[in-house]
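This report refers to the structure that appears directly beneath it.
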Amino acid sequence: AGPVENKNEAAMSELVPESRQKPVVPMKPLGINASLLGYIGIDTIIEQMRKKTMKTGFDFNIMVVGQSGLGKSTLVNTLFKSQVSRKSSGWNREEKIPKTVEIKAIGHVIEEGGVKMKLTVIDTPGFGDQINNENCWEPIEKYINEQYEKFLKEEVNIARKKRIPDTRVHCCLYFISPTGHSLRPLDLEFMKHLSKVVNIIPVIAKADTMTLEEKTEFKQRVRKELEVNGIEFYPQKEFDEDLEDKTENDKIRQESMPFAVVGSDKEYQVNGKRVLGRKTPWGIIEVENLTHCEFALLRDFVIRTHLQDLKEVTHNIHYETYRAKRLNDNGGLPPMTVETEENNESNL
Amino acid sequence: QFSDSAGYVGFANLPNQVHRKSVKKGFEFTLMVVGESGLGKSTLINSLFLTDLYPERYIPGAAEKIERTVQIEASTVEIEERGVKLRLTVVDTPGYGDAINSQDCFKTIIQYIDNQFERYLHDESGLNRRHIIDNRVHCCFYFISPFGHGLKPLDVEFMKALHGKVNIVPVIAKADTLTLKERERLKRRVLDEISEHGIRIYQLPDADSDEDEEFKEQTRASIPFAVIGSNQLIEVKGKKIRGRLYPWGVVEVENPEHNDFLKLRTMLVTHMQDLQEVTQDLHYENFRSERLKRTGKPVEEEVVDKDRILQQKEAELRRMQEMIAQMQAQMRMKPGDD
């Protein structure tokens, strides 16, 4: 595990900046070391970093991909407990389904506990909605690579910005339709192509359509299909850093994922508490109740435990892979003119 | 039994005689089922007819589906209820809508329907018409996804291509994925889009004098039917009912407050006769007149040798009849005596 090695790196160290060091990971608390003669104060660095993060805030870019109507916007709004994604209540007469996949990025700043997050939700309307969906993942792959290119251009500048704006996609939630049968051909094709350039987290949408048995069977089936087809979703096995990571991630990979989720922005009263849910004639489906669906697992995974790791893997693995390829293609020199349209476009 | 009062002839008894003959003969009905994989088609069919039409079902994985084209699979089952025999054929269309490029996926279906019409036309025009088997598709349940916002482009294209060939009944299965509000909104969207694209779905005929007008109106207002299928028995309040058990409650298949299953089933069984009639009087006649207009076209290659010989003989007969008619016409035109 670790950043991809570039053979030309040594030769280029004058032309190209060294790959950025990974930020220091807070150390796990050790038992009291009796041989320490006194208290030095090294551990205060954790507090210093925390304060720094709070001051500067951080960027997080999440992309959602899936057929229209699978609840993508609702889910993202539920995840971040804010209206960060505009729900399309369907294509009305004026808004036709786009003929090609569109990429729509909307940024919001949300704050919690003094920490500011600049969240960008990247929507992909039109994906999988046509009669002919051949290559409909291409605009998405192009967008992701364009963000890597943007970052690379900044990085190789002689006078660079102190903090390079990060528009790279840190996480791509792929929505699987809850058919109860198997993946669809389009699902396989998309994930095969994109798992190599971005962190893909597959989720089973609208999971309230399956009983517990059906859910378990479907998840097993999907996991098997992904494995048989060599699709590595996040967290990728090869990037587990140590045994602790591996154990934790193995459990997630082999039992929890893909998360079967339900989203909602409506609240109802259940047992005296206000809960987010869906009201049907046969009961209320509670979004954050683990016996009903796995939304809380997804939220904890993406936001509470693996948010930073998603960014790190994007930076150290996917971005480095892109960078290495670009530099190799150019014969080891930094790119001169780039043909992307990013100079004319500003998505944010 | 028969009144002997003066003036009573007795032909009022005819409907009973027809009824008795039909019961003895039994009924044939062909139902086609179309929709993407995983929309609950098979479960619904099994629930409707309280049977297991797909006992050894194999569900292929995504990688296999990439190569597959649309198949046509017909299963026939004989159902008997209170002395009335129904020979039901369910025509399934696995592979529909699965491929990444679904451009051609309803060609096979159109071909199948046309083939049944062709066969019937051929039998009807033949010499021996005693035992014509009616394999024409009388009704097509088209499954709309409950996960979308309305009709998908493929749904629109399919219905436009087939509304002149078969009675289309749009169905929303897996309706337990929707709240009541979402269901109403989806139904309204679907109806709006159907009317916007000029799609002609099967219309329920007006109620007869002896039918419940209000019930008919209610049924009509529920289209497209949002249904749930299941053959699993769950115990609710001491009774065993068919339903689906969730951690948050039980969805009951036959509860009209939960879904339109009962309405769909009632509509189907009480309209089997009408569905057959409309197929015969509208769709088949359309096909027939189109087909006969193009008599210049070569006969379908699918026709069997035996049929071909029969057809040749018929053609010969027709030619001879034409010749005779011509000769007669000529004779009439000739001046002088016959």
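By convention in this document, chain letters (A, B, ...) are assigned in the order of the sequence lines, proteins followed by strands, and residues within each chain are numbered from 1. This one's a predicted model, so the numbers in the text were calculated from it and none came from an experiment.
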Please classify the contact of [X] with chain B as side chain, backbone, both or neither, using a heavy-atom distance under 4.5 Å.
X	answer
Glu214(A)	side chain
Ile284(A)	backbone
Glu225(A)	side chain

Looking at [X] and [Y], what are the two nearest heavy atoms and their distance?
X	Y	result
Thr291(A)	Pro247(B)	O-CG, 3.3 Å
Ala63(B)	Asn229(A)	CB-OD1, 4.1 Å
Thr177(B)	Arg278(A)	O-NH2, 2.8 Å
Trp282(A)	Leu178(B)	CH2-O, 4.4 Å
Ser182(A)	Ala62(B)	OG-N, 3.8 Å

Side-chain heavy-atom pair Leu245(B), Thr211(A) within 4.5 angstrom cut-off: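 Side chain of Leu245(B) against side chain of Thr211(A), heavy atoms only: no contact under 4.5 Å found.
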Looking at [Y], is its backbone amide N or carbonyl O close enough to the side chain of [X] to form a donor-acceptor pair, meaning the two atoms are under 3.5 Å apart?
X	Y	value
Lys174(B)	Thr179(A)	yes
Arg184(A)	Ala99(B)	no
Arg244(B)	Thr209(A)	yes

Glu257(B) portion near chain A, given a 4.5 angstrom heavy-atom threshold: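 It is the backbone, since no side chain atom gets that close.
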Chain A: which of Gly249(B), Gly150(B), Ser102(B) shares the most heavy-atom pairs with it under 4.5 Å? Ser102(B)
